[in-house]
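Residue numbers start from 1 in every chain, and the chains themselves are labelled A, B, ... in the order their sequence lines are given, proteins ahead of strands. For the numbers below, each heavy atom of this structure counts, side chains included, while hydrogens, waters and symmetry mates do not.
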Amino acid sequence: MDYEELAQLLSDASSLDASPQEPPPPPPPDSPLRLYDSSRGAIARERSQRPFSQQQRLLSTLDDDSLVGLVNTFDRPTQRARLRRPAAPADDAADAEDDPCIVTSSPEPPSSVVPSTPPASSRLSESDSSSDRSRSSSPTAARVGPLKFGDYAQYFSDKTAHQHSRDEYMRKLYQDALNGGREYPPIFKDCTIYINGRTFPDRLQLHQKIIIHGGSFKHFLSGKKSVTHIVASNLTAKKRIEFQNYKVVAPAWITESIAASKRLPWQDYALITGEYGQQKLQIARPPAAALPAPEQQPADGFDANSLDCKQPGFLQSFFAKSRLHQLSAWKADLRALFCEKYVEGAHLQPPPKGARLAIFHVDFDCFFATVSALSDARYDLSRDPLAVAHGNNSSEIASCNYVARSFGVKNGMWVRSARRLCPNLICLPYNFEQYEVNSKLLYQILAGSGFFQMILPISIDEAICVKYLDGLPDGDASAHQQCEAITRQIRRDVFDATNGCTVSIGCSNSLVLARLALKKAKPNGQCVMASLEQDSIDAFIEELPLRDLPGVGATIVDKVQQHILFEQTAEPTIGDLKRNSSLQLLASKLGTKTGHKLHLFLSGKDDEENSRVLRDPLDYFARKSISVDINYAIRFDTIHEIDEFIDRICEHLTTKLGELDMVTPQVTLKVTRRCEHAPIEPAKYLGSGECDTFSRSSRFGVPTCEAGLISTEVKSSFRMLGCPPKDLRGIAVQLNKLEKVSDRVCQLRLPFREQDASSAGSRFPALNVNAFNSLPGALKEDVRTELLKRKINLPPSPPSKRSASNSPVKDYWGRHGKRTETLKQEMPSTLDEDFMNHLPTQIQREIKWDHAIVKKASSSVRNRLSRKGTGVLNLSKNRPSKPEAVKFQSLERPLGISRLIKSWIDDTIDNGPHIDDLNLFDKYLTKLAAKGKTHHILKIARTMSSHLEYHSSFTKSNPQGRQEWEEYLLIRMIPTLTASAAKSDSGVQVTFDL
DNA sequence: GGTGTGTGGTAGC
DNA sequence: AATCGCTACCACACACC
């Protein structure tokens with residue numbers, strides 16, 4: 001198809017060329033183009049004479065299937081901690097019978113035993129009745145008889161038994177949630193440990209670590225020798241005497257024993273040494289996880305705490321502390337995990353259309369604030385106003401508890417403003433590790449409960465659980481009761497497992513209503529709205545704020561206020577909008593889709609888009625793009641620093657891309673630039689202040705996962721956007737329209753290969769990139785050659801593994817760091833700003849194009865020319881003589897042509913282009929020149945240059961063929977381009993010095 | 001009508 | 001010292017055919 005289209009295109013060009021035109025100059029007599037046939041012969045000879053190794057011979061005898069199969073046997077299975085997937089429907093019945101945690105309708109509260117022991121700081125609100133609180137705190141807890149008043153001996157005995165079984169239950173839960181169901185090494189087997197006072201890590205974390213590693217935990221000291229070890233960070237004088245006969249150790253004993261996977265001698269961590277009152281000097285070693293990553297070079301003044309975007313470790317240290325990054329990363333992981341599980345459980349079907357569903361929307365209450373607060377025994381969640389934030393002034397509040405909210409404090413507010421509302425606000429640090437642990441516990445409880453047919457991850461602390469009601473005994477009351485019971489059970493289990501984190505749950509039969517019910521339930525409550533008449537639904541949602549609807553944010557509320565409600569109320573409710581709007585009005589003011597969506601939401605109904613997650617969860621959760629956004633701490637001085645930064649971003653992205661086994665056909669750069677009037681340094685330290693954003697996307701002819709290629713494209717886009725380096729405040733790179741590599745192998749077989757491939761029509765298996773990369777070095781190279789020979793799309797090798805190249809261009813581009821040094825001399829890397837700013841936008845744009853192209857062109861051309869000892873391609877200062885005379889049309893879409901050209905190059909990269917094709921192509925270019933479409937030619941030249949560069953750097957193409965292409969670009973295209981530029985008087989001059 | 005690009009809104013704490 | 005303002009995805013407006 002490529003050839004036909006190309007031929008079509010070219011013939012169009014030649015037919016349009018009927019008007020008298022200067023014929024294109026014939027190639028110089030000594031051009032390699034003249035040698036097309038003979039050179040091809042030479043290549044063929046060279047190939048056939050190359051000696052084959054035994055290995056290569058063997059490989060060449062295999063058919064495609066066997067070859068790919070052979071490679072794939074080298075796959076290394078990726079290991080990954082996984083949550084247990086929800087029990088298969090078939091297993092449900094059995095589970096339900098055995099599992100004591102299934103709550104049937106109308107649950108009878110079990111006879112009360114001792115209260116479960118949440119930390120004193122956490123209290124349940126009255127919605128959790130005291131009978132609720134006092135029931136057995138874990139499903140497997142020993143059930144003991146009612147307690148008689150004053151029977152303390154019995155009380156403590158029960159309590160001990162209870163705690164023991166609770167620890168057992170927790171150990172299992174932790175294993176399932178955090179370790180893929182496998183046991184942890186029983187490091188603390190036979191140890192009974194008591195924790196005294198405040199410690200780091202805190203009591204809850206130590207408790208967890210001890211029980212998962214086989215130890216038992218004492219919540220109180222009773223009787224001598226009932227504990228084997230006491231953990232404490234420091235001891236009062238009195239305690240020192242009291243504990244002097246115990247093995248008192250620092251918390252590091254726990255953490256370091258775990259790190260070492262064996263119980264370390266406690267004496268090394270003893271807090272009390274033989275001599276009375278003398279404390280063994282503990283060099284407080286932070287836990288291993290807190291140590292700075294070893295690759296961060298400690299050299300010249302590098303400070304792990306300071307953020308410097310020019311340092312190589314910046315991305316990593318920034319991401320490590322960015323809550324938003326963590327949230328996004330967690331979400332992506334959860335989605336990936338879901339897909340994995342969903343595919344594994346192939347029997348899992350989305351609910352049949354029209355099935356009766358109960359949707360449970362489960363969400364921790366002010367998640368970060370609660371978890372962080374529970375890690376610090378000084379604070380009481382229900383009394384102290386608490387928030388999680390990094391700093392004290394202009395740092396953002398990630399989460400605040402309900403006490404703080406009662407002062408008007410909100411998430412996202414700066415701490416300084418929050419303190420004005422609530423002077424006693426306490427700021428707690430993040431505890432990302434514990435957030436993750438609690439999240440896993442939540443998901444484990446949801447999955448392990450067996451209640452739900454599907455558990456859809458929304459975020460780290462939030463999930464939507466789906467229960468099919470169809471099989472249930474009928475009667476709405478019963479369904480409602482069941483949902484109530486399930487909800488209660490889940491909330492209690494999560495509270496216990498997390499040592500005091502509360503979840504709220506909203507339950508209804510649509511996603512929207514479940515979400516609204518959740519909002520209503522918060523904090524620490526539940527709201528079940530199953531099987532309702534439309535009237536009661538309307539009554540229910542009437543009073544809820546419009547903001548609570550999914551997809552309705554500040555902007556949409558503003559629009560509604562302005563155009564529909566005319567600012568009648570400060571905080572409009574769903575009822576307000578419902579009474580004052582119609583479908584038509586909504587659609588006209590908010591857009592078609594948004595209007596329709598909102599209209600349905602106002603009646604509590606899901607729309608097509610938001611219910612897609614139920615109909616086709618796999619498609620809904622499948623990854624379609626991948627990106628990095630940095631809009632904090634961006635302060636650069638020169639374009640070179642930005643180039644390096646872009647390199648690192650692309651490196652990061654392609655690493656992820658590789659892990660996902662995907663390639664991208666398109667990259668988008670988004671630049672965030674300081675507003676002209678905004679101060680250089682905004683109020684927030686290293687913040688971005690007020691900014692404008694600009695974006696630009698570009699496509700690759702062949703989807704890629706090469707960092708170098710992507711990076712080059714992004715740098716080029718950056719220059720086009722023309723942001724002065726010092727004004728850059730944020731940068732984002734997105735890889736769009738991702739495709740699985742394994743899906744591409746089959747598609748990519750070139751049509752013309754079908755003719756000579758006798759196996760035409762038979763599918764051959766996808767080549768596994770991991771497997772390919774796992775091949776031993778020599779074999780890998782031979783396989784690569786073999787694959788290339790067969791035109792099987794071969795996976796690119798990761799840059800780190802690339803052997804030393806023999807291509808100067810490749811070396812040149814490989815040396816990211818050094819590159820700027822060499823280029824700086826010959827070509828200004830940024831255009832003079834003042835000069836540029838005074839030009840008309842179109843001209844600016846064109847010059848930037850030109851600039852970028854020449855930069856690229858020179859990179860591939862210079863090495864060959866320098867071998868000849870001649871000059872390099874150079875760019876004059878781009879002084880347009882008559883800028884006002886030129887009106888460039890906005891860029892045409894050379895996209896199709898660009899693709900054609902790339903595939904043309906791909907197919908002829910070894911043997912060189914055919915002279916006839918080139919002649920036709922010349923005519924096409926001449927036509928373009930005649931029409932004054934210089935920019936179009938520029939774009940084509942740029943495409944060719946960059947694609948040749950790609951081959952030069954990343955494929956084992958024959959240098960001779962590539963050289964012919966480069967010659968063509970230099971000797972015929974660039975002069976055409978120059979001529980065209982001169983003729984159209986565009987002011988763009990391209991000089992080419994030899 | 002379709003397709004592609006750039007911009008903007010929203011979600012999670 | 002401060003401070004860690006991410007990221008996936010959809011929808012829209014507009015341009016071009």
Side-chain angles (χ1 to χ4, degrees), chain A residues 305-307 309 314-315 317-332 334-335 363-372 387-400 410-412 414-415 430 432 435 457-462 515 547 549-559 590-597 609-610 612 620-634 666 668-670 672 682-689 691-699 721 729-730 732-738 889-893 895-896:
Chain A
N305 279 329
S306 83
L307 260 196
C309 61
F314 169 77
L315 270 188
S317 30
F318 174 69
F319 282 160
K321 295 192 173 180
S322 160
R323 74 187 197 281
L324 293 174
H325 170 81
Q326 301 289 347
L327 284 170
S328 290
W330 283 326
K331 182 172 182 164
L334 286 165
R335 286 169 160 233
D363 185 316
F364 277 108
D365 299 318
C366 43
F367 185 52
F368 283 14
T370 307
V371 174
S372 283
V388 174
H390 277 297
N392 274 316
N393 295 308
S394 56
S395 87
E396 281 183 4
I397 290 176
S399 172
C400 58
K410 297 224 166 58
N411 290 357
W414 283 6
V415 173
Y430 290 85
F432 290 121
Y435 303 150
I458 302 300
S459 82
I460 181 86
D461 79 317
E462 187 177 347
R515 185 188 155 102
R547 253 321 290 262
L549 286 175
V552 175
T555 309
I556 292 189
V557 170
D558 278 357
K559 281 185 192 164
L590 305 172
T592 331
K593 287 255 190 173
T594 316
H596 274 84
K597 180 180 73 176
E609 174 56 32
N610 85 330
R612 202 159 57 85
Y620 183 86
F621 287 126
R623 206 189 248 279
K624 291 149 203 100
S625 79
I626 173 174
S627 65
V628 162
D629 285 56
I630 314 283
N631 297 291
Y632 179 80
I634 297 296
Q666 184 180 45
T668 306
L669 169 74
K670 189 181 85 182
T672 302
K684 186 189 181 83
Y685 172 70
L686 288 183
S688 55
C691 286
D692 295 322
T693 64
F694 309 89
S695 72
R696 174 125 323 189
S697 58
S698 49
R699 282 171 172 272
L721 291 172
R729 289 292 176 271
V733 179
Q734 303 156 15
L735 308 182
N736 310 316
K737 302 174 165 60
L738 301 188
Q889 305 154 20
S890 64
L891 274 178
E892 277 195 34
R893 295 174 182 283
L895 203 65

Q | N/O (side chain, A:T555) to phosphate O (OP1/OP2, B:dT10) under 4.0 Å | A | yes

Q. In whole angstroms, how far is the P atom of B:dC13 from the CG atom of A:D461?
A. 4 Å

Q) At under 4.0 Å between heavy atoms, what does A:E396 touch on the DNA or RNA strands: base, sugar-phosphate, or nothing? A) base

Q. Hey, what's the ring geometry for A:F432 with A:F368, parallel, tilted or perpendicular (30° and 60° as the breaks)?
A. perpendicular

**Q.** Beyond-backbone contact of A:K559 with A:L590, side-chain heavy atoms, under 4.5 angstrom
**A.** yes

Q.
For a quick test of reading the model: is some side-chain N or O of A:T668 closer than 4.0 Å to OP1 or OP2 of B:dT5?
A. no

Q: Tell me which nucleotide among C:dT3, C:dG5, B:dG6 gets nearest to the side chain of A:S688.
A: C:dG5

Q.
Any base atoms under 4.0 Å from A:S697, or only sugar-phosphate, or nothing? Heavy atoms, all strands.
A. sugar-phosphate

Q) Which is true for A:I556 with a 4.0 Å heavy-atom rule: it touches a base, it touches only sugar-phosphate, or it touches nothing? A) sugar-phosphate

Q | A:Q326 CD to A:K321 NZ distance, which is reported to the nearest 0.5 Å | A | 11.5 Å

Q) Which whole-number value in Å describes the distance from A:L669 CG to B:dT5 P? A) 15 Å

Q) Are A:R515 and B:dG12 close enough that a side-chain N or O sits under 4.0 Å from OP1 or OP2? A) yes

Q: Give a yes or no on whether A:K684 atom NZ has more than 12 heavy-atom contacts from other residues, nucleotides or ligands under 6.0 Å away.
A: yes

Q: Using a heavy-atom cut-off of under 4.0 Å over every strand shown, decide if A:Y435 touches base, sugar-phosphate, or nothing.
A: nothing

Q) In whole Å, what is the span from the CZ atom of A:R699 to the P atom of B:dG6? A) 10 Å

Q: Check whether any side-chain heavy atom of A:E609 lies under 4.5 Å from a side-chain heavy atom of A:H596, and answer yes or no.
A: no

Q) How long is the line joining CZ of A:F367 and P of B:dG12, in whole Å? A) 14 Å

Q) Can you give one letter per nucleotide of nucleotides 6-11 of chain C, going 5' to 3': B for a protein heavy atom under 4.0 Å from the base, S for sugar-phosphate only, - for none? A) BBSSSS

(Q) Tell me the interatomic distance from A:I397, atom CD1, to C:dC4, atom P, rounded to whole angstroms. (A) 11 Å

(Q) Is any side-chain heavy atom of A:N393 closer than 4.5 Å to one of A:W414? (A) no

Q. So what does A:G689 hit on the nucleic acid, given a heavy-atom distance under 4.0 Å: a base, only sugar-phosphate, or nothing?
A. base

Q) Would a distance-only check, ignoring hydrogens and angles, find a side-chain to backbone donor-acceptor pair under 3.5 Å from A:K624 to A:A622? A) yes

**Q.** Sub-4.5 Å side-chain heavy-atom contact between A:Q734 and A:S625
**A.** no

(Q) Between P on C:dA2 and NZ on A:K321, what's the gap in Å once rounded to a whole number? (A) 11 Å

Q: May I ask you to say what A:I634 touches in the nucleic acid, namely base, sugar-phosphate or nothing, with a heavy-atom cut-off under 4.0 Å?
A: nothing

Q | Under-3.5 Å donor-acceptor pair between A:S695 side chain and B:dG6 base | A | no

Q) Across the strands shown, which category fits A:A554 at heavy-atom distances under 4.0 angstrom: base, sugar-phosphate, nothing? A) sugar-phosphate

Q. Donor-acceptor pair, A:R547 side chain versus A:V552 backbone, under 3.5 Å?
A. yes

Q) Can you check the A:N411 CG to B:dA11 C1' distance for me, whole Å? A) 13 Å

Q: Only stems of 3 or more consecutive Watson-Crick or G-U pairs count here, both distances under 3.5 Å; name the ones for DNA chain B, or none.
A: B:1-12 with C:6-17

Q | Derivation and outcome, side-chain contact (heavy atoms from CB on, under 4.5 Å), residues A:F364 and A:T370 | A | CA-CA 9 Å; A:F364 277 108; A:T370 307; over 6 Å; no

Q) Can you check the A:N736 CG to B:dG4 P distance for me, whole Å? A) 13 Å

